[in-house]
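Following: one structure in structure tokens, then a few remarks.
Counting starts at 1 for both ligands and their atoms, following the listed order. These figures come from a predicted structure and were not determined experimentally.
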Amino acid sequence: MNIKLTLLTAACALALSACGDNSPPPAAPDAAVAPPTAQPAAPADTSAAQTPAAADATPAAASRAPAAGSTAAVVNDCATEIEGNDAMQFNVKSIAIPASCTDFKITLKHVGKMPVAAMGHNVVITTAGDMQAVVADGMAAGIDADYVKPGDDRIIAHTALIGGGETTSTSFSVSKIQAGTEYKFFCSFPGHAALMVGTVTVE
Ligand code: CO
């Protein structure tokens, strides 16, 4: 009994001190300006109940935010769907292809609203070493070629170039991805590969 009471007391003290740490900034100015009305409106029980909830929500949101930027693509049945948006971003940074797959399909969904000429997206896969040259040659090929040089054999696979609200896909033989070589997926629209890029691996 004594131990339980001691733990409860300690827990309450921690909760109150945690509450006390968070509450003073907003509460102090109010209390200083209007002590009689502001104090009863914010009873200790209410703030004690809300503070832990707020404390729980903040770390959860914070841990989700960085994860979103480094998320691996969800792969099901040798296929994945990734998104491109109007902020020139893919929603994933890596695509891991199961080694058991013979062919792999990537579907690209443009979840933005901007037209293809302003915010076009595609998915192009090459080795990391070929990427910059393929981007440069794609730019030279122009938008009518979906910013992909026709017949470019450095390209493992590529989708069409699409605008907001559109979806496209490409399938390719996984045997084209060789062990010991680094591969990238990226958007070859001029300027986009700086942000819209991630890794492709076979695992
Ligand atoms: Co793009």
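With the Co ion (ligand 1) as the vertex, ND1 (His192) and O (Gly120) define an angle of 90°, rounded to 10°. Angle subtended at the Co ion (ligand 1) by His121 ND1 and Cys187 SG: 130°, rounded to 10 degrees.
The line from NZ of Lys149 to CD1 of Ile155 is 9.0 Å long, rounded to the nearest 0.5 Å.
Screening Phe104, Phe185, Phe186 against Val200 for a side chain to side chain contact (heavy atoms under 4.5 Å, CB included) leaves a single residue, Phe185. When Glu83, His121, Glu166 are each tested for a side chain to side chain contact (heavy atoms under 4.5 Å, CB included) with Val111, only one passes: Glu83.
Backbone or side-chain N, O or S atoms of Leu161 do not reach the Co ion (ligand 1) at under 2.8 Å.
A side-chain donor-acceptor contact under 3.5 Å links Ser188 and Asn122.
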